[in-house]
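Worksheet: one structure, shown below.
Below, chains carry the letters A, B, ... as their sequence lines are ordered, and counting in each starts from 1. None of the values given here were measured: they were computed from a predicted structure.
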Number of protein chains: 4
Amino acid sequence: MLDAAFEEFAAHGYAGAKMTAVAQRAGVAKGLVYHYYPSKEALFRAVMQACLEPVFAEAEREATDEDVPATVMLERLLDLAYAEREGQERQCILFRLIVAEGQRFPELSAWYEEAVFRRAVAIARAVLRHGARRGEFDAALAEQEGMAEVLLAPAIMNEVWRMMLGEGRAPSRAGMHAAQAALLARALAPGGMDARGGGRDAGGKEGNAACPATRRATSAP
Amino acid sequence: MLDAAFEEFAAHGYAGAKMTAVAQRAGVAKGLVYHYYPSKEALFRAVMQACLEPVFAEAEREATDEDVPATVMLERLLDLAYAEREGQERQCILFRLIVAEGQRFPELSAWYEEAVFRRAVAIARAVLRHGARRGEFDAALAEQEGMAEVLLAPAIMNEVWRMMLGEGRAPSRAGMHAAQAALLARALAPGGMDARGGGRDAGGKEGNAACPATRRATSAP
Amino acid sequence: MLDAAFEEFAAHGYAGAKMTAVAQRAGVAKGLVYHYYPSKEALFRAVMQACLEPVFAEAEREATDEDVPATVMLERLLDLAYAEREGQERQCILFRLIVAEGQRFPELSAWYEEAVFRRAVAIARAVLRHGARRGEFDAALAEQEGMAEVLLAPAIMNEVWRMMLGEGRAPSRAGMHAAQAALLARALAPGGMDARGGGRDAGGKEGNAACPATRRATSAP
Amino acid sequence: MLDAAFEEFAAHGYAGAKMTAVAQRAGVAKGLVYHYYPSKEALFRAVMQACLEPVFAEAEREATDEDVPATVMLERLLDLAYAEREGQERQCILFRLIVAEGQRFPELSAWYEEAVFRRAVAIARAVLRHGARRGEFDAALAEQEGMAEVLLAPAIMNEVWRMMLGEGRAPSRAGMHAAQAALLARALAPGGMDARGGGRDAGGKEGNAACPATRRATSAP
DNA sequence: TATGAATGAGACTTCATTCAT
DNA sequence: GATGAATGAAGTCTCATTCAT
């Protein structure tokens with residue numbers, strides 16, 4: 001029945017979903033839905049909880065194997081992030097519901113933060129720190145605040161775009177995957193800019209980039 | 001009146017918005033709303049169109065000044081992307097509405113693609129190409145497919161997280177901004193990895209990174 | 001279980017009572033209620049019957065002891081009528097249910113007439129006749145049609161007011177009791193008005209009082 | 001529309017009344033009822049208020065004409081109380097609704113007290129006091145606490161019985177009217193019991209009647 | 001006996017939409 | 001242009017009743 005409800009909410013959003021349709025999808029009478037869940041809102045919460053529970057349950061058994069080189073761990077992380085996973089559609093729908101109904105159901109945002117965001121950031125950070133300690137990554141860069149989020153963003157955004165634009169018009173997974181891998185390989189490699197030849201305006205770049213300007217603005221999300 | 005409608009749709013979504021409330025927000029009678037827009041759906045389309053029009057109109061006067069160094073252009077682009085802009089809340093709401101109602105109103109996705117996505121990618125790509133041509137960026141890397149999207153994703157994702165998690169719990173703009181700036185500075189600087197010491201696993205990294213594995217999956221969006 | 005049902009009907013009336021609530025009050029499952037009573041209506045009838053049965057059963061062992069002076073019998077009758085009796089709340093609830101549902105369940109009215117009204121009138125009438133025969137009461141007055149009802153009304157009405165207005169705002173039992181006792185003492189005492197001084201307007205009073213006018217009307221129940 | 005609602009509530013009680021039926025009785029669409037009254041409860045309150053308003057408004061222009069003998073005033077009061085008045089059915093229904101729903105809507109009881117009970121008692125008390133001052137009534141008796149209520153109760157109870165038992169089985173108005181008139185004529189006439197011949201056990205009667213006993217009780221309302 | 005899941009008609013209520021003014 | 005009374009389809013929710021266990 002929760003599956004039926006999930007499909008209905010996924011298809012029409014919270015306000016657009018009909019309890020009758022939920023019952024029909026589940027093949028039961030309207031009243032039975034109310035026998036188990038006292039209201040539409042309660043049903044929605046139950047559905048969301050059931051969807052997020054497994055994500056909660058899934059442990060952090062990742063990214064803690066000290067013997068693997070950090071470059072391999074990073075590679076695996078990207079593979080994972082860009083992978084076309086089973087159940088991914090469900091997660092995208094979940095994401096959409098959280099975006100759409102997060103204001104009406106604040107616990108959704110909290111759940112997302114706990115179950116997804118914090119966890120993903122923690123994993124990425126662990127990989128970066130691992131590389132920094134083993135000398136595989138430039139320590140200052142890898143452990144910089146915000147680097148884990150920057151690492152994760154492209155793969156997630158790829159999914160968001162895929163959801164918004166449709167499979168056909170979204171950027172390819174492989175393309176972004178390769179581009180980000182190449183970018184990270186060059187950027188994280190130790191030795192830094194002063195070890196290299198040119199580096200002419202390197203300092204200049206880094207200096208003012210860290211100071212987010214607040215000029216008149218325009219484009220964006 | 002479109003403003004009133006936008007607020008109502010923003011606050012409750014398409015299905016949850018009430019025509020009466022729109023009229024009240026606008027300070028007019030219900031009938032007058034129908035005098036201008038024949039139906040709720042038409043009103044919604046009009047609101048969305050009105051919101052996206054300025055984004056359309058805003059020209060591409062950026063990123064085409066050939067005399068500016070690419071590093072400066074990139075810096076400006078990041079400044080812009082991470083800036084806390086006036087009207088940003090409105091754009092976030094727009095983003096949310098597009099995510100939430102994109103299925104019901106396919107033109108919303110199309111609009112988003114035309115007005116925002118394509119344009120942003122084009123600008124990022126122009127900056128990268130500019131740097132590649134001037135020798136400021138590693139040409140192979142900067143012109144790699146998907147690099148523009150990787151460049152844009154963190155700033156956009158930062159806004160998405162901010163919208164989903166709230167101002168307090170989202171990653172800081174400044175942190176991600178600085179991290180990404182540092183990352184790009186090291187990665188894009190010409191000279192490449194072969195110029196440096198042990199390029200041992202560089203090829204390996206890039207090689208398999210480009211081939212997105214489909215192993216057991218876990219986290220993600 | 002009938003107790004539980006009585007409480008539920010008392011609390012919410014017939015239409016407002018829920019079978020589920022009855023079952024819960026009784027501490028049994030809903031199905032069991034239906035095992036004993038085929039429908040809500042049947043349950044209600046059973047409850048009412050069970051409530052009225054003891055009132056039926058309670059004998060007329062009163063008011064028939066010829067050796068007691070009528071004044072004492074009358075006194076006892078008033079004491080009884082104005083007494084704050086155990087189980088009185090239940091009877092008030094019963095009264096309320098009969099008033100409220102008497103139209104839907106005509107047998108309720110019939111029961112009330114048989115079990116309560118007729119019986120009470122008979123008792124009052126017996127006391128009055130007893131006094132008339134013994135010469136304690138003015139015979140013409142005591143045996144007048146309607147006198148028994150007039151005798152009973154104040155005590156009953158006192159309870160009705162108590163039920164409608166609440167304990168705090170209703171007229172006091174003691175006050176009405178004393179007033180009615182004093183009234184009856186003076187009125188019923190034999191000797192009559194012609195024995196006294198100016199019986200000028202006595203006949204006049206009684207004459208037109210027996211002819212209920214139908215003038216413009218105002219207050220009442 | 002309030003008329004239609006009154007009829008529906010009168011016919012089925014609060015819980016049994018259907019908004020659809022109200023609309024049909026009024027000859028309008030269901031939605032229009034909600035256009036004026038936000039809920040069933042609000043409609044019920046409005047109906048009750050509208051019914052009680054005129055009773056409120058009706059002034060106390062009665063019982064204050066000092067030139068009329070108190071016996072005539074009393075006679076008029078009884079005529080009025082026992083009269084078969086136009087609109088009486090409506091008042092009986094109102095009475096029934098107040099009894100039935102007084103628990104759910106405490107303001108009903110309050111209204112009844114203000115609009116009906118207090119007023120009626122005040123009028124009766126004024127008549128009694130008038131008679132006492134003019135010497136037409138025995139002052140001690142007429143001004144005794146609770147006498148006004150005892151005076152009013154029979155006529156009201158007559159209506160209550162009529163409502164509960166139906167026109168055919170209830171005691172006749174004329175009979176109770178005449179009996180009460182005769183009773184009052186004898187009781188209230190000044191001169192008192194000590195002025196008369198016998199009066200043997202008069203003192204005894206009054207003494208213990210004023211002390212309501214609390215013995216085991218049985219019958220009543 | 002005893003349970004409570006299951007049913008579905010029907011209740012209250014909402015709200016997009018119409019239309020006479 | 002502007003209003004808001006009026007409509008009625010449709011949604012959420014209730015609850016008497018049934019029935020397999």
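Side-chain N/O atoms of A/Lys30 and base N/O atoms of E/dG10 include a donor-acceptor pair closer than 3.5 Å.
One finds no side-chain N or O of B/His35 lying less than 4.0 angstrom from the OP1 or OP2 phosphate oxygen of F/dA2. At least one side-chain nitrogen or oxygen of D/Tyr36 sits closer than 4.0 Å to the OP1 or OP2 atom of F/dA6.
For the pair A/Tyr37 OH and E/dA5 P, the computed distance is 12 Å after rounding to whole Å. Atom CE in C/Met1 sits about 10 Å away from atom P in E/dT1, given to the nearest Å. Distance, A/Gln24 CD to E/dG8 P: 12 Å, rounded to whole Å.
Of the candidates E/dA2, E/dC15, F/dG11, E/dC15 carries the atom nearest the B/Lys18 side chain, counting heavy atoms from C-beta on. Distance from the side chain of B/Lys40 is smallest to E/dA16 among E/dC12, E/dA16, F/dT7. Of the candidates F/dT7, E/dT13, F/dT12, the closest approach to any side-chain atom of A/Met19 belongs to F/dT12. When distances are taken from the side chain of C/Tyr34 to each of F/dA16, F/dT3, F/dG11, the shortest belongs to F/dA16.
Mapping D/Ala29 and A/Pro38 onto DNA chain F by nearest heavy atom places D/Ala29 at the nucleotide closer to the 5' end. Both D/Leu32 and A/Tyr14 lie close to DNA chain F; mapped to their nearest nucleotides by heavy-atom distance, the more 5′-ward contact belongs to D/Leu32. Residue A/Gly31 is the one, among A/Gly31 and D/Ser39, whose nearest nucleotide of DNA chain E lies closer to the 5' end (criterion: closest heavy atom).
Between A/Phe105 and the choices A/Phe44, A/Trp111, A/Tyr112, the ring pair (Phe, Tyr, Trp, His ring centres under 6.0 Å) rule is met once, by A/Phe44. Test D/Val99, D/Val47, D/Leu52, D/Leu108 against D/Leu94 for side chain to side chain contact (heavy atoms under 4.5 Å, CB included) and you get one pass: D/Leu52.
A donor-acceptor pair is defined here as one N or O able to donate and one able to accept, closer than 3.5 Å; such a pair exists between the side chain of A/Ser109 and the backbone of B/Met164.
Of all nucleotides present, only E/dA2 satisfies the Watson-Crick or G-U wobble test against F/dT21, with each distance under 3.5 Å.
Within 6.0 Å of the CD atom in A/Glu107, the count of heavy atoms belonging to other residues, nucleotides or ligands exceeds 12.
Salt-bridge check for C/Glu8 with C/Lys18: failed, with every basic side-chain N at 4.0 Å or more from each acidic carboxylate O.
At the heavy-atom level, D/Ala23 lies nowhere under 4.0 Å from the strands shown. B/Ala17 comes within 4.0 angstrom of the backbone, heavy atoms only, and of no base.
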